[in-house]
Amino acid sequence: MSGGWNTIESDAGVFTFLLESLGVKNVQFEELISLDADSLRALSPLHGVIFLFKYPTGEKRSETPRDGAFDYDAVENGVWFAAQTIQNACGTQALLSVLLNKDGEDMAIGPSLSDFKDFTAAFPADLRGEALSNSDLIRETHNSFARSSPFVSDETRTASADDDDVYHFIAYTSVNGTLYELDGLQPAPISHGACDPSSFPEKIIPVLRRRIERYPVTEIRFNLLAMCQDLRVRAREMGDMEGLEREEAKRREWRWENALRRHNFVGFVGELMKAVTRAKLKDGSYERWVEDAKAKTKKRVEGSRKKGGDGDEMDV
Amino acid sequence: MASSPLITFKAGKCAFASRKVTPDPTPGYLYLYSEDDLLHLCWRPRSAPASDPEMDLLMIPGDGTFHPLVKNPGSESVESPTTGRIFVLKFSSSSQKYYFWMQSAPQNKDGKLGWFSARDQKIGQVIDALLQGEEVDIEQEAREIREGGQGDDGDDGGDADAMEVDHGESLTRQETGGAGQDATGGDPREEGHASREGGADGGRAPTDTNSLVQNFLQSLNQPTQTRQQQQQHQQDIPYTTLPELLTPATTLPFISSATPDQIDTLCSMLPPELFLLAQESNSTSSSSDPNLTPAAGEAAIEALSLEQKKEIIVRALRSPQFQQSLGSLTVALRDGGLPMIGEALRLDIEHGGVIRGGSMPLGGGRAVEAFVEGVKRTVEEEERKAKK
């Protein structure tokens, strides 16, 4: 029985370092702000795109996908595709769906993932999914980037109960000259027609547009991450010092955020509480500080009771 | 037997031979009574008069322990490796053991006969606490066993009989009750016990207890039966939360007027990477080695000025990751983590964070209150010592 998988944010920094922790070299993620081929091409070599969206629980699996066609032979023909078995693992699963199909193309997936790929090479999709959810290495690495459990502001709500929809990740990539949509909840890879890696930036745009148009206009909760080669590599090759510096600064930001994400703040909070308490006892403001906080809490609890509470979580 | 029993529950004896426990089918009662300040643990068949127990053991406080016999110690589910719920009575003064089996109707909805519900565990805990010589508010504990909303399985059938005692004799009839209250559930308590054993040594480095707390926090992410149920403590208060106490409006002014020593202490509790990043010059490419030695971190901290260190702390205090951690720590306190967290931080928490007279951790707003008050008490003690 596999251990638990925690939720991780869909953030370029998280995903980049997640892969690096698994031994992957030369790969990074970039958040896509605008959906146009030029922006995508600027990230070449582009391995794939991860699309995160709110998954309507009403949508059923059907014989034909709403767009494209199921390719039941894809797995036999070498496409790496896994059925999703654990909800919280779906981000990492989407990453691996692109990664393991692009092994060797301007990147090295490293020994651990190579082993995993070989191990699951002959498996059908559902067994690959099982293997993924049972992989201690992948799960532990994934969990090390987990955000702290979401703060439950209403006593009667638990984190899992407040949303009817869930967030879902799917991957798009070009394999064997075909543009595939790899969704662990579907029975097979979905083909969107012929596409070689160099035309991927153009061909993916209308596919993504059609996908986004499926949801109400007011639904802005989706996120697009491109998986591409480490951008510092090309900046160095082209002698683009400014670009290189920009990328290095971004990496430092990511390292900063990930250091905080993975940090256990218990000791720091304890020390901070003691120090603030000490200072407030000294200057006589202790009682007022605690009473102010209690008043704030009371107001918030009463306010949300009136509203009936509302969940507002973007991240998975 | 002169006095009325402190606690009674339906239990049978067991024979134990060559590592095999065999239950005796005779319906009986296991009960504790106190006479002349001495505690007795007894067993009698239900048909026998209360004045004539077949077994009457004199218990020296702390000598005996009373725990479920479990097949997977430390797991979330408390379950005997048999088709019944077995308790084992052990002694530190001898190797003698006694086994008893619970004769009340099992409460597991999947029909697992060896599974201990919260009600079952509670009965065992009360008895164990009494054997340790702890003061137990029996009435309160019995009420909690009786009350509380849902049972672990939501099924009310069969749980009314555990502590029911036949009238016939002089014993006071105890009310039958509902399913056991699920306070904070099995897993935090298991964690709590483990950490008490492991972390009891005051000289142990904080990192051990830090990782225990981290594991506890992560275990809260996983939906378990006990995690999803509400703490139904009748007297809970909203109190407040860590994010509402440690707002930037509170913490930032504090940092700007903090002493160098206070700043250094706080820095030592942040990830070393933050300080290494601050040191890195523009021309070096950034490595992403997450496993930095404490020595490297210390060196980086020393190399920075007081202002730079303050900036880093402020940036961390403003970060969403820190805000989230305040939230999750509050949840951890509310969900039974107070004893463990109090111990990890070496705070003087009242009663060690358990409900007075029992062994269940405080929960809800009361736990946060006890935490904040524990911090205050600890600080006041430190000030007193410093003045001497």
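A note on names: the letters A, B, ... follow the listed sequences, proteins ahead of strands, and every chain is numbered from 1. Quick note: numbers below take in every heavy atom, side chains included, and nothing from hydrogens, waters or symmetry partners. Because the structure is a prediction, the values reported are computed rather than measured.
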> Between the side chains of A/Thr297 and B/Glu244, is a donor N or O closer than 3.5 angstrom to an acceptor N or O?
Replying inline: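 Yes - a donor-acceptor pair under 3.5 Å links their side chains.
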> Between B/Phe254 and chain A, which part of the residue has a heavy atom less than 4.5 Å away: side chain, backbone, both or neither?
Replying inline: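 Only the side chain of B/Phe254 comes within 4.5 Å of chain A.
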> What part of B/Thr247 lies closer than 4.5 angstrom to a heavy atom of chain A: side chain, backbone, both or neither?
Replying inline: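 Side chain only.
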>> With a sphere of 6.0 Å drawn around CE of A/Met241, does it hold more than 12 non-hydrogen atoms of other residues, nucleotides or ligands?
In response: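 No - once you tally the heavy atoms of other residues, nucleotides and ligands closer than 6.0 Å, there are 12 at most.
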First locate atom [atom1] of [X], then atom [atom2] of [Y], and finally report the distance between them rounded to the nearest 0.5 Å.
X        : Y        : atom1 : atom2 : result
A/Asn258 : B/Gln321 : CG    : CD    : 8.0 Å
A/Asp292 : B/Thr250 : CG    : OG1   : 8.5 Å
A/Glu9   : B/Gln324 : CD    : CD    : 5.5 Å

>> Looking at chain A, which one of B/Gln323, B/Gln262, B/Glu383 has the largest number of heavy-atom pairs inside 4.5 Å, strictly under?
In response: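 Highest number of heavy-atom pairs under 4.5 Å: B/Glu383.
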> For chain A, which of B/Thr265, B/Leu246, B/Thr251, B/Leu270 has the most heavy-atom pairs under 4.5 Å?
Replying inline: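 Looking at each option in turn, the highest pair count goes to B/Leu270.
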Specify the closest pair of heavy atoms between [X] and [Y], including all atoms of both residues, with the distance to one decimal.
X        : Y        : answer
B/Leu345 : A/Gly270 : CD1-CA, 3.8 Å
A/Ala259 : B/Pro271 : O-CG, 3.6 Å
A/Met273 : B/Val372 : CE-CG2, 4.2 Å

Any heavy-atom pair between the side chains of [Y] and [X] that's under 4.5 Å?
X        : Y        : answer
A/Phe268 : B/Leu317 : yes
A/Val269 : B/Phe322 : yes
B/Lys376 : A/Leu281 : yes
A/Leu260 : B/Leu274 : yes
A/Tyr286 : B/Val379 : no

> Testing B/Glu380, B/Glu381, B/Glu382 for salt bridge (Lys or Arg N to Asp or Glu O under 4.0 Å) with A/Lys274, which one passes?
Replying inline: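 The salt bridge (Lys or Arg N to Asp or Glu O under 4.0 Å) with A/Lys274 is passed solely by B/Glu382 among B/Glu380, B/Glu381, B/Glu382.
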> Is B/Ser325 reaching over with its side chain to a backbone N or O of A/Phe265, donor-acceptor style, under 3.5 angstrom?
Replying inline: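 A pair under 3.5 Å: no.
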> Is a donor on one side and an acceptor on the other found under 3.5 Å between the side chain of A/His263 and the backbone of B/Met269?
Replying inline: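 Yes, the answer is positive, given that a donor and an acceptor are paired below the 3.5 Å cut-off.
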Under 4.5 Å heavy-atom distance to chain B, tell me which part of [X] shows up: side chain, backbone, both or neither.
X        : result
A/Lys250 : neither
A/Ala275 : both
A/Glu253 : side chain
A/Lys280 : side chain

> Pick from A/Arg278, A/Glu247, A/Glu271, A/Lys296: which one has the most heavy-atom pairs with chain B under 4.5 Å?
Replying inline: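 The option with the most such pairs is A/Arg278.
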